[in-house]
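One structure below.
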Amino acid sequence: MDEQKVLSIKGLLDDTPEEYLSHKEKYENSIRKSVLFYKTLHSTEDENMSVDEKTKLNFRNIVTSAIFKDNSPFMLHNSMFIPTIMGQGTDEQREYWMKRAKNMEIIGTYAQTELGHGTFIRGLETQATYDPDTEEFVLHSPVLSSYKWWPGGLAHTANYCIVMARLYIKGKSHGIHPFMVQIRDEETHMPLPGIKLGEIGAKLGFNTVNNGFLGFENHRISRDRMLMKNAQVLKDGTFVAGSNSKLTYGTMVYVRVLIVSNMANMLAKAVTIALRYSAIRRQSQPKPDEPEPQILDYVTQQHKLFIAIASSHAFYMNAMWLWEIYYSVSLQLASGKLDNLPELHALACCLKPLSTIDATAMIEKCRLACGGHGYMLSANLAQTYGLATAAYTYEGENTVLLLQAARSLVKAWVGHVKGRPLKGTMAYLAGDSTVKAWDGSIDGIIQSFKVVAIRKISSVVKILQDYEKSGLSPEDAWNKASVFLTAASEAHGRAVLLSVYKSEMDKRAAVLSPPLRKVLLQLVDLYVTYWALEKVGDMLLYASITDKDVDELQRRYIELLAAIRPNAVGLVDAFDFRDEILNSTLGAYDGRAYERLMEEAMKSPLNAEPVNQTFHKYLKPFMRGKL
Ligand SMILES: CCCCCCCCCCCCCCCCCC(=O)SCCNC(=O)CCNC(=O)[C@H](O)C(C)(C)COP(=O)(O)OP(=O)(O)OC[C@H]1O[C@@H](n2cnc3c(N)ncnc32)[C@H](O)[C@@H]1OP(=O)(O)O
Ligand SMILES: Cc1cc2nc3c(=O)[nH]c(=O)nc-3n(C[C@H](O)[C@H](O)[C@H](O)COP(=O)(O)OP(=O)(O)OC[C@H]3O[C@@H](n4cnc5c(N)ncnc54)[C@H](O)[C@@H]3O)c2cc1C
């Protein structure tokens with residue numbers, strides 16, 4: 001697939017910056033571009049049938065960021081509607097719906113969250129009541145809080161959607177299931193009878209994603225519209241349960257896995273912008289007779305930015321590794337083997353939150369590192385932050401996911417204490433829970449993070465048990481210990497992020513040229529040292545580190561910043577973002593930041609005329625005392 005070819009298509013890139021359009025114009029422009037983009041990609045991708053779905057998605061995602069400073073209203077069609085058909089449909093349903101969805105004969109979204117419930121899926125109130133007489137489901141939104149709220153593309157783009165609704169048969173509830181629902185007429189695009197649709201309004205970001213609301217008034221769909229790969233409803237109303245009700249949550253696991261690589265990408269973009277700008281920006285005069293230095297030569301600036309480069313590498317390595325696990329568990333699920341699903345779920349529930357928490361904070365740091373110019377929308381750091389911080393909430397709010405991970409960790413620890421074996425990424429919990437002698441090596445520090453995780457998990461299990469012994473119910477004990485539970489999950493997640501980054505780099509080290517290997521391993525060292533210092537309290541508490549060791553770590557960190565400095569620009573250039581994809585006045589390859597800032601300023605509609613009409617209407621009479 002050729003990025004250059006895609007981006008040179010006329011009309012894909014805006015002449016007027018997106019931020020100067022009205023809310024309605026933004027949507028209309030985004031639809032125009034989405035269609036053009038799809039047509040371009042479709043023809044490009046057809047030439048590359050061997051390219052796997054993940055690579056295609058990644059490519060689309062990266063190019064999308066050039067075309068939309070925000071995002072595409074087709075986003076949910078590709079990232080959740082199609083994957084849900086694939087993951088939840090029977091063979092027959094897949095064959096029918098995939099053909100239509102892939103060719104964009106229909107446009108869909110994933111409607112799960114309601115006004116009243118996002119996190120608590122079992123609390124969803126949309127009803128799907130089976131009527132055996134007509135062999136139909138009756139979809140109904142009984143109360144305002146049951147209205148679907150948030151799905152991307154739902155407002156005015158999609159004509160179909162997957163609706164997650166509570167199934168009732170003969171008055172009995174059978175849990176939440178996915179239904180394929182047509183919401184608009186295929187010819188006129190009018191909402192179908194019994195369907196109330198609209199847009200939810202302006203947001204911090206995602207303003208071209210067309211997030212919508214949806215309510216049902218006894219809207220009927222045929223029985224074959226329930227996606228029945230897992231659970232089924234037979235014609236006579238017999239309910240056949242799936243092997244595990246959590247398989248219905250499969251699309252969310254898939255997207256959580258993808259989010260980790262998406263964060264690597266967003267962070268790489270932000271740090272490319274901030275770092276290139278830091279190389280051309282000069283400020284202050286530390287030495288009286290010398291020119292102003294590049295701001296990148298200030299060590300505090302390096303401290304803000306180099307960790308973002310290393311984190312992007314760490315997320316990417318972890319994302320690729322997690323994807324392999326996802327892929328192999330998916331194959332196992334297809335053959336009915338569910339044993340490794342809990343571990344995949346727990347991993348996704350650690351890595352999705354940690355990658356979004358870190359990426360969001362570091363993107364904001366990149367923006368702040370650009371001083372005043374970072375505040376300009378034309379720098380494209382504010383919008384990147386807006387998109388990243390959305391991922392903190394969507395696809396499972398971060399605290400909630402960390403608590404899900406904690407549930408698995410607590411279960412694993414309690415089992416371990418009872419003598420049950422620990423598996424996979426939790427196997428290390430069976431290891432030594434003390435660091436005998438701190439040696440300051442990378443492997444030693446990673447081992448210390450594992451010890452921190454073991455100690456935090458074992459400690460929180462003890463706290464839970466003590467709370468229960470004192471008379472609290474398990475649920476109340478859980479809530480009371482939840483701050484420590486999320487800390488235990490974070491500690492486990494940090495141990496995973498650090499050790500996977502290191503081991504994946506080690507695997508690749510042999511095929512790298514010595515100079516490249518050296519700089520990439522410096523990034524690993526920087527990442528590990530940075531986090532040891534960030535978590536120095538944990539290190540002091542659990543890893544028998546002394547104040548002298550901390551002093552050495554700090555010095556090593558500063559030496560690493562100095563060692564990386566000569567390669568810093570090269571490292572962000574190596575992310576290889578085209579200027580169109582960075583979409584930033586500050587981050588372009590040629591370094592002409594001031595010229596671009598002025599060129600973009602001239603695109604402001606206010607600069608189209610020397611005197612604005614408000615002068616004559618308000619200012620002049622006001623200043624003359626006539627208003
Ligand atoms: C490389 C290519 C890169 C390409 C990049 C492409 C770009 C990528 C980015 C794409 C962006 C897409 C935009 C997306 C927009 C947002 C869409 C949404 O938010 S949509 C809306 C998203 N909404 C949300 O995410 C809602 C978040 N809420 C939830 O997920 C759930 O309600 C819950 C998990 C919190 C609880 O569920 P509940 O039913 O109350 O469960 P209980 O607590 O009673 O029981 C827990 C038991 O179940 C187990 N288990 C649970 N889940 C799973 C699972 N998935 N599996 C397996 N097991 C699971 C759990 O372990 C435990 O086991 P045990 O201990 O008993 O043995
Ligand atoms: C930009 C964006 C796009 C989205 N797109 C879609 C979409 O396409 N389709 C879709 O269906 N949904 C979508 N969503 C919805 C999203 O999935 C939910 O907002 C998300 O799952 C969080 O749920 P909530 O809003 O109900 O938050 P809440 O659960 O109400 O969270 C509010 C607070 O309560 C806390 N909390 C809640 N439960 C617990 C608990 N058990 N323990 C401890 N603390 C708790 C949370 O930590 C948080 O601090 C989107 C959201 C956003 C922001």
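Numbering starts at 1 and runs along the sequence shown.
Side-chain contact of N211 with K203: a donor-acceptor pair under 3.5 Å is present, judged by distance alone. Q301 and S278 share a side-chain donor-acceptor pair at under 3.5 Å. A donor and an acceptor atom, one from each side chain of N398 and T356, are located under 3.5 Å apart. Side-chain contact annotation: T208 with S30, donor-acceptor N/O pair under 3.5 Å absent. No donor-acceptor contact under 3.5 angstrom links the side chains of N583 and K269, judged on distance only. With no hydrogens or angles considered, no side-chain donor-acceptor pair links S146 and T126 at under 3.5 Å. With hydrogens and angles left out, the side-chain atoms of H303 and Y298 include no donor and acceptor closer than 3.5 Å. Of the N and O atoms on the side chains of D358 and S311, not one donor lies less than 3.5 Å from an acceptor on the other residue. No side-chain donor-acceptor contact under 3.5 Å links E364 and Y385. If you check the side chains of N612 and T614, you find a donor sitting under 3.5 Å from an acceptor. Using modelled atom types and a 3.5 Å distance limit, the side chains of Y27 and E25 yield no donor-acceptor pair. A donor-acceptor contact closer than 3.5 angstrom is absent between the side chains of Q613 and Y618. Looking only at atom types and distance, the side chain of S584 has no donor-acceptor partner in the side chain of N380 under 3.5 Å away.
Shown here for A379 and H373, the closest heavy-atom pair between the two residues is CB-O, 3.5 Å.
Summarising the local packing, OH of Y316 is surrounded by 12 or fewer heavy atoms from other residues, nucleotides or ligands at distances under 6.0 Å.
Both tests hold for K33 against F68: distance to the six-membered ring centre under 6.0 Å, angle to the ring axis within 45°.
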Intermediate values then yes/no, side-chain hydrogen bond (donor to acceptor under 3.5 Å, both in side chains), Y326 and R256: CA-CA 10 Å; Y326 173 82; R256 285 169 197 154; over 6 Å; no

Residue pair R508, E504: steps toward the salt bridge (Lys or Arg N to Asp or Glu O under 4.0 Å) verdict: CA-CA 7 Å; R508 289 160 174 82; E504 292 295 302; 3.1 Å; yes

side-chain hydrogen bond (donor to acceptor under 3.5 Å, both in side chains) assessment of Y160 paired with E105: CA-CA 10 Å; Y160 280 77; E105 288 165 30; over 6 Å; no

H313 vs F575, ring pair (Phe, Tyr, Trp, His ring centres under 6.0 Å): CA-CA, chis, key distance, verdict: CA-CA 10 Å; H313 284 236; F575 286 132; 5.6 Å; yes

side-chain contact (heavy atoms from CB on, under 4.5 Å) assessment of V63 paired with F37: CA-CA 9 Å; V63 182; F37 181 38; 3.7 Å; yes

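In terms of modelled atom types and a separation under 3.5 Å, the side chain of D185 and the main chain of E187 share a donor-acceptor contact. Looking at Q285, its side chain does come within 3.5 Å of a backbone N or O of P288 through a donor-acceptor pair. No donor-acceptor pair closer than 3.5 Å links the side chain of N71 to the backbone N or O of F206. With hydrogens and angles ignored, the 3.5 Å screen pairs no side-chain donor or acceptor of R184 with any backbone N or O of M190.
Sorted by first and then second residue, the pairs that involve residues 591-613 and meet salt bridge (Lys or Arg N to Asp or Glu O under 4.0 Å), not counting sequence neighbours, are D590-R592, D590-R596, R592-E599, E600-K603.
With I309 as the fixed residue, the side chain to side chain contact (heavy atoms under 4.5 Å, CB included) test singles out one of L267, T272, L275: L275.
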